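Naming: A, B, ... by sequence-line order, numbering from 1 per chain. Treat the numbers as computed from the prediction; the structure is a model and nothing was measured.
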Amino acid sequence: MSALNLYDTATREVGVFKPLIPGHVSIYVCGATVQSHPHIGHVRSAVNFDILRRWLTWSGYDVTFIRNVTDIDDKILHKAVHEKSPWWAVAMKYERIFTQAFASLNVLPPTYEPRATGHITQMVELMQKLIDNGAAYAPGNGDVYLEVRKLKRYLTLSGQKLDDLQPAADADAASSEKRDPRDFALWKAAKPGDPSWPTPWGAGRPGWHLECSAMAHAYLGEAFDIHGGGLDLVFPHHENEIAQSEAAGYKFANRWLHNAWVTQAGEKMSKSLGNTLQVETILQRVRGIELRWYLGSAHYRSMLEYSEAALDESAVAFRRIENFLTRSVELLGIQPEPTITDAFCAAMNDDLAVPAGLASISENLRLGNQAITDGDKKAIAKNANEIRGALQILGCDPFDTNYPQSASGNVSAALDGVIQLALKERAAARERKDFAASDAIRDGLLALGITIEDTAQGPRWSMEEKS
RNA sequence: GGUCGGAUGGCCGAGAGGCGAGGCAAGGGACUGCAAAUCCCUCUACACGGGUUCAAAUCCCGUUCCGACCUCCA
């Protein structure tokens with residue numbers, strides 16, 4: 001088996017992945033700031049990292065996967081005013097919606113999912129360490145800032161130079177206590193009415209995603225293998241996490257992975273552009289497993305240009321695969337045993353080249369369908385096993401009970417009985433060449449969403465499933 | 001202004017010096033009472049201009065266009 005190669009944003013190169021502790025992989029992924037409904041860009045990120053996680057697990061690693069929830073920030077407070085609801089109620093409401101969205105796409109729950117507000121103690125400890133080290137300062141107004149000029153390695157992830165940055169909007173030095181306009185707030189002094197927690201420097205709340213540094217350290221220690229997130233987090237979010245963590249003496253992340261966006265008309269999906277597509281909306285069009293197949297099918301570092309046509313096409317393609325697996329179960333009487341082919345393995349090991357893996361699934365599908373025609377049970381099983389193995393890594397295994405399964409036993413048995421009666425009538429009509437009658441039965445069933453296909457093994461029926 | 005990505009056939013989408021990934025659509029064929037499903041065959045390509053090389057979609061230089069980030073976006 002080839003070794004896993006992964007891209008690293010810090011070096012901009014694909015290289016062999018070597019975990020810090022053999023056999024174990026620690027991952028921290030920046031999760032949601034729970035201030036609104038998830039759009040499909042959010043869940044793409046989750047799907048991409050879920051595929052990474054499943055692949056690592058399949059490869060034999062023991063994976064610790066931390067994905068945080070940021071449940072306190074300016075936007076949440078803003079939303080709380082807007083929704084006339086306490087900030088914590090807003091955060092919890094959207095957290096639940098995110099969790100629901102992840103679950104409907106079969107994104108595995110993280111090993112642990114820490115919330116920012118549960119880690120104020122760790123943040124205060126981290127700030128104390130930074131102040132003791134001379135990297136941060138508290139000017140006395142309740143804020144705590146990181147002094148970026150003191151950091152030699154600042155901005156190495158994004159490859160920028162401090163002096164080239166456009167000055168921040170709040171850079172009017174007169175009103176600021178900052179020593180440099182580019183210094184960023186680790187902690188923000190409480191404004192009247194805002195939630196706050198006590199610290200040695202005054203009551204306030206977390207500033208610039210201090211929580212990610214604090215929580216990554218709390219659960220993964222001084223150093224960990226992979227830090228992930230969306231491409232737009234590279235700067236400033238991840239730069240600042242690095243700055244905070246390294247200035248505190250931590251080694252922090254060994255490797256950085258960033259997923260690209262879902263775009264529309266070439267533009268990133270974002271609230272400010274008003275072009276977001278909510279997960280709940282898309283799930284009225286396709287099932288969760290189909291949305292996941294669509295989002296996972298592009299390479300994680302490529303932009304995914306959304307269109308309804310592409311989504312529909314992708315869903316149809318998935319149903320073809322699913323249909324083959326269903327037929328293989330009908331013909332063999334057992335569910336496929338997941339197997340990973342060399343081709344799929346090589347693709348995944350090449351920086352998670354899912355599109356190349358999809359080509360190998362296509363090959364399996366072609367051979368599998370051929371095998372059904374030939375009645376070659378051994379070949380049917382082989383290809384079904386290999387397809388199911390690949391689908392399992394992609395989180396799109398139709399037999400996975402995390403996805404809604406078809407109707408309950410006795411209802412579907414009754415339905416099957418009713419349809420078999422109709423099919424018997426149709427067979428009799430065909431026998432006496434009364435095709436008008438036989439087609440009427442088929443059309444009638446089709447109108448109910450039930451498709452009849454005549455196969456070498458006799459007629460089979462299927463019903464379109466809703467998510 | 002700085003940093004970083006991208007442009008591939010009708011469409012989607014890989015590849016990163018030689019052998020035209022794959023899918024969808026289209027056309028033809030097989031099968032079928034007809035459908036559906038399935039299989040087989042065929043077709044179309046690397047934004048532009050130079051250069052390096054025996055060989056460039058791939059490397060180099062330049063150009064055009066598109067996008068992202070530059071202090072609370074996945």
With a 4.0 Å cut-off on heavy atoms, is [X] in touch with a base, just the backbone sugar-phosphate, or nothing at all?
X	answer
A/V29	nothing
A/A260	base
A/N369	sugar-phosphate

Taking atom types as modelled, is there a side-chain donor on [X] or [Y] under 3.5 Å from an acceptor on the other?
X	Y	value
A/S26	A/D225	yes
A/N349	A/W55	yes
A/S213	A/S245	yes
A/T70	A/E211	yes
A/Y145	A/D180	no

It should be established whether [X] places a side-chain nitrogen or oxygen under 4.0 Å from OP1 or OP2 of nucleotide [N].
X	N	answer
A/N259	B/rA74	no
A/K75	B/rC73	yes
A/K178	B/rU71	no

Starting from [atom2] on [N], measure out to [atom1] on [X] and report it in whole angstrom.
X	N	atom1	atom2	answer
A/K161	B/rC69	NZ	C1'	16 Å
A/I452	B/rC34	CD1	C1'	15 Å
A/R426	B/rG33	CZ	P	11 Å
A/D376	B/rU38	CG	P	19 Å
A/R327	B/rA37	CZ	C1'	7 Å
A/D183	B/rC70	CG	P	18 Å
A/D143	B/rU71	CG	C1'	14 Å
A/N383	B/rU38	CG	P	15 Å

Is a donor on one side and an acceptor on the other found under 3.5 Å between the side chain of [X] and the backbone of [Y]?
X	Y	result
A/R182	A/L162	yes
A/R292	A/L394	yes
A/T373	A/N369	yes

Under a 4.0 Å heavy-atom cut-off, which of residues 437-450 of chain A touch RNA chain B?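 The answer is A/S438, A/D439, A/R442.
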RNA chain B-proximal residues of residues 228-246 of chain A, any heavy atom under 4.0 Å: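 Under 4.0 Å from RNA chain B: A/G229, A/G230, A/D232, A/L233, A/F235, A/P236, A/N240.
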Validate the cation-pi geometry between A/R54 and A/F49: distance from NZ or CZ to the six-membered ring centre under 6.0 Å, angle to the ring axis within 45°.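 Here A/R54 fails the 6.0 Å and 45° test against A/F49.
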Cation-pi check, A/R179 to A/Y137: give yes when NZ or CZ is under 6.0 Å from the six-membered ring centre and within 45° of the ring axis, no otherwise.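 Yes, A/R179 sits over the ring of A/Y137.
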Could you pull out all residues at least two apart from A/K382 that satisfy side chain to side chain contact (heavy atoms under 4.5 Å, CB included)?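 Expected list: A/E386.
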Checking A/T263 now: which residues fulfil side chain to side chain contact (heavy atoms under 4.5 Å, CB included) with it, not counting sequence neighbours?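 For A/T263, the residues satisfying side chain to side chain contact (heavy atoms under 4.5 Å, CB included) (neighbours in sequence not counted) are A/W261, A/M303, A/E305.
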5'-most by nearest nucleotide on RNA chain B - A/A353 or A/E453: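 Whichever sits nearer the 5' end wins; that is A/A353.
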With sequence neighbours excluded, residues passing side-chain hydrogen bond (donor to acceptor under 3.5 Å, both in side chains) with [X]:
X	answer
A/W461	A/D416
A/Q35	none
A/Q160	A/S158
A/H119	A/Y219

Listed pairs, N/O of protein and of nucleotides 22-26 of chain B, under 3.5 Å:
unit_1: B/rG22; atom_1: O2'; unit_2: A/S362; atom_2: OG; d: 3.0
unit_1: B/rG23; atom_1: N2; unit_2: A/E313; atom_2: OE2; d: 3.3
unit_1: B/rC24; atom_1: OP1; unit_2: A/R320; atom_2: NH1; d: 2.8
unit_1: B/rC24; atom_1: O2'; unit_2: A/E313; atom_2: OE1; d: 3.4

Side-chain-base donor-acceptor pair under 3.5 Å for A/R301 and B/rG5: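 Between B/rG5 and A/R301, which were checked side chain against base, a qualifying N/O pair under 3.5 Å is absent.
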B/rG2 base / A/Q160 side chain donor-acceptor hit below 3.5 Å: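 Yes, a donor-acceptor pair under 3.5 Å.
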Report yes if the ring of A/W261 lies under 5.5 Å from the six-membered base ring of B/rA68 with planes under 30°, and no otherwise.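 Answer is no, no stack.
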Side chain of [X] (C-beta onward), nearest among [options]:
X	options	value
A/T33	B/rG13, B/rA36, B/rA74	B/rA74
A/S302	B/rA74, B/rA14, B/rC4	B/rA14
A/R430	B/rA14, B/rG33, B/rU38	B/rG33

Can you list everything that forms a salt bridge (Lys or Arg N to Asp or Glu O under 4.0 Å) with A/E239? Sequence neighbours excluded, please.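 None.
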Could you walk me through whether A/E290 and A/R319 pass the salt bridge (charged side-chain N to carboxylate O under 4.0 Å, His left out) test, one step at a time? CA-CA 8 Å; A/E290 291 163 351; A/R319 284 177 214 138; 2.7 Å; yes
For nucleotides 16-18 of chain B, tabulate all protein N/O to nucleotide N/O atom pairs closer than 3.5 Å, reporting atom names and distance.
none

Base-pair map of RNA chain B as dot-bracket, where | denotes pairing with a different strand and pairs are Watson-Crick or G-U under 3.5 Å: (((((((..(((.....[...))).(((((.......)))))....(((((..]....))))))))))))....
